[in-house]
2 protein chains.
Amino acid sequence: MTSTNDTSTTASGSTATGSTATGSTATGSTATADRIARRQVDKFSERRRQLADAALLTLSELGYARTSLREIAKDSGFSHGVLHYYFRDKVDLITYCVRQYKAHCVERYDGIVATVDDPEVLLAGVADALAGTLAQDTLMHRLWYDLRTQALFEESFRADVAEIDGSLERMIWRTVEAYAGLVGRTPSCDPSFAYATVDGLFHQALLRHLTGSSDALDGLRAGVRRQLPTLVG
Amino acid sequence: MTSTNDTSTTASGSTATGSTATGSTATGSTATADRIARRQVDKFSERRRQLADAALLTLSELGYARTSLREIAKDSGFSHGVLHYYFRDKVDLITYCVRQYKAHCVERYDGIVATVDDPEVLLAGVADALAGTLAQDTLMHRLWYDLRTQALFEESFRADVAEIDGSLERMIWRTVEAYAGLVGRTPSCDPSFAYATVDGLFHQALLRHLTGSSDALDGLRAGVRRQLPTLVG
DNA sequence: AGGATTTCTTGACGATCGTCCAAAGCCCTC
DNA sequence: GAGGGCTTTGGACGATCGTCAAGAAATCCT
């Protein structure tokens with residue numbers, strides 16, 4: 001039926017949002033056709049993003065195992081049939097959701113490593129930032145661990161999940177490098193070791209925070225402030 | 001119909017297996033009735049355990065989200081209807097499975113902390129033991145992380161999952177205490193901190209091991225040997 | 001304005017799910 | 001070996017799942 005449907009799954013890195021592309025091309029006819037095509041593509045991908053947002057909301061509340069396409073559609077305000085107009089199937093939708101979650105993630109995490117000159121201030125800032133996002137985006141973090149676990153069973157998700165995991169590891173590593181620089185030393189461990197231990201602390205804190213433990217946030221802060229200095233030397 | 005079905009969910013700690021109870025009671029008639037009742041209960045709980053074993057096998061292969069009662073029954077060699085004779089519903093079955101998994105876990109982990117007098121030997125032994133169970137019981141560990149995540153969405157599992165988590169934390173803590181004793185110091189952190197960081201290392205190693213990374217086991221060994229000494233002082 | 005195209009709704013399909021139940025099979029006791 | 005309770009079977013039920021297609025509704029272009 002349509003030609004726009006072909007852009008559903010293949011393109012992985014093409015967000016195609018920031019470039020509103022007001023630059024006019026050569027001839028008038030091709031420019032018009034281009035504009036039409038771009039407008040359609042923009043509307044198409046915009047609706048995809050909107051639906052993926054609703055799906056992320058539903059997923060974060062119910063979890064992967066209990067989320068159905070009809071429930072996602074209900075939360076989005078559209079009918080359930082529209083999902084197959086914008087996504088090939090359920091795997092395509094959730095894969096797109098994972099990618100969108102990644103964008104939301106790195107955007108939020110990039111502002112964490114503050115530009116400070118005191119190592120203690122950096123430690124406190126990182127600990128507070130991690131505790132802050134844990135308290136504020138609790139359900140999204142729960143969804144992340146859920147999807148990461150599902151990727152161990154569903155091979156379709158592994159690539160995207162691994163990419164997100166890598167970006168998180170790099171984020172932690174930037175923190176370690178910044179701290180090492182402030183104390184005049186160099187990191188003494190792998191990026192993977194730093195990420196594994198800090199992620200373990202974060203994972204446990206999320207678990208406790210979700211089960212109502214009031215000291216989960218303080219425990220995370222204390223844990224991060226204790227663990228980070230052991231990673232340099 | 002039957003009275004034995006009432007023992008399905010309520011009793012949490014009653015394994016009722018070790019006590020074959022050859023001790024004769026008072027009168028002959030009550031002894032006979034007792035023996036009959038015990039035999040039935042034993043057969044009943046034995047079949048429950050057998051079915052739970054099959055369920056654990058299926059769960060570890062497919063994951064919680066994709067495991068159906070019919071698939072479990074197929075792997076067990078019985079028909080799908082028998083599951084509702086031994087378990088009230090799906091939640092009851094999986095809860096029982098989690099408890100059985102816990103027994104399997106602590107039994108295996110209890111032999112890890114070897115009785116050695118050299119701290120370096122202890123470190124190497126613990127690292128090897130963790131890497132060994134990760135390589136040998138890979139799918140079971142994957143299932144554990146899956147169920148622990150599901151417990152964040154399904155409240156029915158939380159109690160049992162928290163109990164297993166606590167026993168794992170205590171196991172790690174015993175290791176930390178043993179190491180601290182061998183080096184003539186005392187632990188300098190919470191049990192929860194020790195568990196969170198080591199579990200983070202184990203979780204990451206499992207992830208890499210499952211995705212085919214050949215250095216996952218060595219990375220876990222190196223990580224454990226690096227992290228444990230930082231926990232005492 | 002009106003035809004073409006995109007977007008969305010609605011209902012249906014087959015498959016599979018958890019659950020239940022009547023009947024058959026089994027094994028033990030007398 | 002006949003009777004009776006415990007086990008097991010296999011089919012059926014309603015619900016829900018992902019998917020699809022036909023048509024209504026909305027939007028766009030000339």
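These figures come from a predicted structure and were not determined experimentally. Order of the sequence lines fixes the chain letters, A, B, ..., with proteins taken first and strands second; residue numbering starts at 1 for each chain.
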Handout entry: Distance, rounded to the nearest Å, where B:R48 contributes CZ and D:dT7 contributes P
Key = 12 Å

Practice task
Please tell me which of the listed nucleotides, D:dC28, C:dT6, D:dT9, lies nearest to the side chain of A:K43?
Solution key: D:dC28

Are any protein N/O atoms closer than 3.5 Å to N/O atoms in nucleotides 16-19 of chain C? If there are, list each pair with its distance.
residue	atom	partner	partner atom	Å
C:dC17	OP1	B:S68	OG	3.3
C:dG18	OP1	B:K90	NZ	2.8
C:dG18	OP2	B:L69	N	3.0
C:dG18	N7	B:R70	NH1	2.7
C:dG18	O6	B:R70	NH2	2.9
C:dT19	OP2	B:H84	NE2	3.2
C:dT19	OP2	B:K90	N	3.0
C:dT19	O4	B:R70	NH2	3.3

Practice task
Flag the pair B:L62 / A:F153 as yes when at least one side-chain heavy-atom distance between them is below 4.5 Å, and no otherwise.
Solution key: no

Exercise for the section: Return the value, rounded to whole Å, for the distance between atom CD of A:E46 and atom P of C:dT7. Expected result: 11 Å

Problem - Distance-only donor-acceptor check, side chains A:T58 and A:D75, under 3.5 Å - result: yes

Practice task
Mind checking side chain to side chain donor-acceptor pair (under 3.5 Å) for B:Q136 and listing every partner two or more places apart, or none if nothing turns up?
Solution key: none

Practice task
Would you kindly give the CG-to-P distance between A:L83 and D:dC20, to the nearest whole Å?
Solution key: 13 Å

Fill in the blank from the handout: To the nearest angstrom, the CG-C1' distance between A:D42 and D:dC28 comes to 16 Å

Practice task
Check whether NZ of the Lys or CZ of the Arg A:K90 lies under 6.0 Å from the centre of the six-membered ring of A:Y64 and within 45 degrees of that ring's axis.
Solution key: yes

Fill in the blank from the handout: For A:F87 and A:D92 the tightest heavy-atom approach is CA-OD2, 3.6 Å

Practice task
Quickly work out the A:Y85 OH to D:dA22 P distance and round it to whole Å.
Solution key: 16 Å

Practice task
Please report, rounded to the nearest Å, how far the C1' atom of C:dT7 is from the CZ atom of A:F78.
Solution key: 9 Å

Problem - Donor + acceptor pair across side chains of B:Y195, B:D165 (<3.5 Å) - result: yes

Fill in the blank from the handout: To the nearest angstrom, the CG-C1' distance between B:L51 and D:dT7 comes to 11 Å

